[in-house]
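To start, the structure itself, in structure tokens.
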2 protein chains.
Amino acid sequence: MYVTASPSINDDFIVVRTPQPSIAKQTTITIKPGKHLFLEDDPADLIYEVASGVLRLTRIMEDGRRQVIAFGYPGDTVGFPSNGHYHTDCDALVPTTLIVHRRSDLESAKGDPDLHLRLLRAALREISGMQDHFMMLGRKSSIEKLASFLTVLSTRVGEPLGELTQIALPMTRADIADFLGLTTETISRTFTQLRKSQIIAIDHVNTVIILKPVALRAIAQGDND
Amino acid sequence: MYVTASPSINDDFIVVRTPQPSIAKQTTITIKPGKHLFLEDDPADLIYEVASGVLRLTRIMEDGRRQVIAFGYPGDTVGFPSNGHYHTDCDALVPTTLIVHRRSDLESAKGDPDLHLRLLRAALREISGMQDHFMMLGRKSSIEKLASFLTVLSTRVGEPLGELTQIALPMTRADIADFLGLTTETISRTFTQLRKSQIIAIDHVNTVIILKPVALRAIAQGDND
DNA sequence: CGTGGGTTTGACCACCATCAATGCACGTGG
DNA sequence: CCACGTGCATTGATGGTGGTCAAACCCACG
């Protein structure tokens, strides 16, 4: 069953029109885990800003090989159109709340100029962020990839835990593997390796504590031994 | 020696102000092979549209590992800023002519709205194009990568040669390797493999003729044997 | 308890990297 | 015009990293 991306009332979306005191009213939707926000080649009329939760942007080849393009965390904007269409699938990993913008808010300067600029900046940030990802996919070893991944997550969404930093991982090992261009087995082995060398601790499967952030960062950049 | 990216008269750039009949005047520069247009972390005040020639966008790690982010062909736009800075190096592979735009042409809607929209669309196309590259880097075998690369080049810049299509490769094997996340040796071997299976012919080292476009496309998508 | 999805671990192997030698084209100077 | 040097490409031999296949494990569910 395909899910429409329109912010209409159905099983998958909860639509809320939040009246803003001064400015225009803002539309937000909430999407459940596993539900799709949009699919590749869907006509792209809406752009979404993550308010809370985590999204997963993916592309799939005919034979099933999958690449996770990005994880959408609060503050990220997803759904930038090209030729009027989305070019990835997008679904939620956890209950996720999104601020809905119209494509015209980005493409036309007629409306709210502040919003227009904000969306444009988000697009440019997107381009910039993808470049790091390129380096990771193309030129880093498995341990460098995972260390990079954890380092980025740590600064973006790490929660302080005493002196240390804790990271929640709402995605599966397979998701991380498809993000880094590896397999779940390699991800698992590499986690074990980092754990055994006391650089991280794995509390629950989905909760990592960074014990040696400096060492992790060093590995991420290739300062190996 | 670092090269300024400002369109001023020096050894590296030839500045031409082309008076446009009806609209505003357009500034173009010409840059020689090997010369840098900008470097990573340079303040980004200008955005460039390739009119002719080929650019190379790269990122380099401290230890020298390199990732070619993109090749800039005519019609491509390069130099999208993030936080006011470039985030790749950029140099020319062949003599290249560029149309110069100001960053404000993209970021502000005050000026020429057509130009503004055109640059915005270019940025969105950029995001879209990078997604294919992700799939290539993360999830494809060496032969699939090279076949994908040649297929894209074929449709973008292939020149008809009788019934067939010919592709000029202004970049070295090392450039292709760093674009695809492989080594020069693997690129060379894979070229040989494609040549021996009669899918391509290599006229000069830098000139490839596509003999079986369908087969090449099939390999690119993983329809192997 | 029992089932099942995700994770971990192990054994083995393939693909691609690495190291090294050779080939080839081109430019320069004798 | 040839000898040489240089940079890039090709080819070969070998090894390591990460993939594949398979089994065990661990919880969170019912």
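By convention in this document, chain letters (A, B, ...) are assigned in the order of the sequence lines, proteins followed by strands, and residues within each chain are numbered from 1. Remember, predicted model here, so these are calculated numbers, not experimental data.
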Using atom names, set out every protein N or O paired with an N or O of nucleotides 19-24 of chain C below 3.5 Å, distance rounded to 0.1 Å.
unit_1 : atom_1 : unit_2 : atom_2 : d
C:dC19 : N4     : B:E185 : OE2    : 3.0

Sugar-phosphate only, base, or nothing, as touched by A:S188 at under 4.0 Å among non-hydrogen atoms: base
Whole-Å distance separating the CG atom of A:D203 from the P atom of D:dC27: 12 Å
C:dG6 phosphate, OP1 or OP2, under 4.0 Å from A:T172 side-chain N/O: no
Length of the CZ-P vector between A:R65 and D:dT20, whole Å: 10 Å
Pairwise 5' ranking along DNA chain D for A:H204 and B:T186, keeping only the more 5' one: B:T186
Stacked cation flag A:R173 on A:F191, 6.0 angstrom / 45 deg: yes
A:I143 CD1 to D:dG18 C1', straight-line distance once rounded to whole Å: 13 Å
Distance (rounded to the nearest 0.5 Å) between B:Q67 CD and B:T88 OG1: 11.5 Å
Sidechain N-carboxylate O distance under 4.0 Å for A:D178, A:R56: no
Closest to side chain of B:L182, choosing from D:dG18, C:dC16, C:dT7: C:dC16
Distance, rounded to the nearest Å, where B:L146 contributes CG and D:dT10 contributes C1': 15 Å
Spacing between B:N206 atom CG and D:dG7 atom P, to the nearest angstrom: 17 Å
Sugar-phosphate only, base, or nothing, as touched by B:I187 at under 4.0 Å among non-hydrogen atoms: nothing
Side-chain donor or acceptor of B:T190 paired with backbone N/O of B:S142 under 3.5 Å: no
A:H87-A:E40 side chain donor-acceptor pair, cut-off 3.5 Å: no
d(CG, B:L169; P, D:dC8) in whole Å: 15 Å
Contact under 4.0 Å: B:R173 side-chain N or O vs D:dT11 OP1/OP2: no
A:D132/B:R59 salt bridge by N-O under 4.0 Å criterion: yes
d(CZ, B:F191; C1', D:dT10) in whole Å: 12 Å
First encountered from the 5' end of DNA chain C, between B:T183 and A:T184: A:T184
Aromatic plane relationship, A:F179 with A:F149 - under 30° parallel, 30 to 60° tilted, over 60° perpendicular: tilted
Between C1' of D:dT10 and CD1 of B:I202, the distance in whole Å: 10 Å
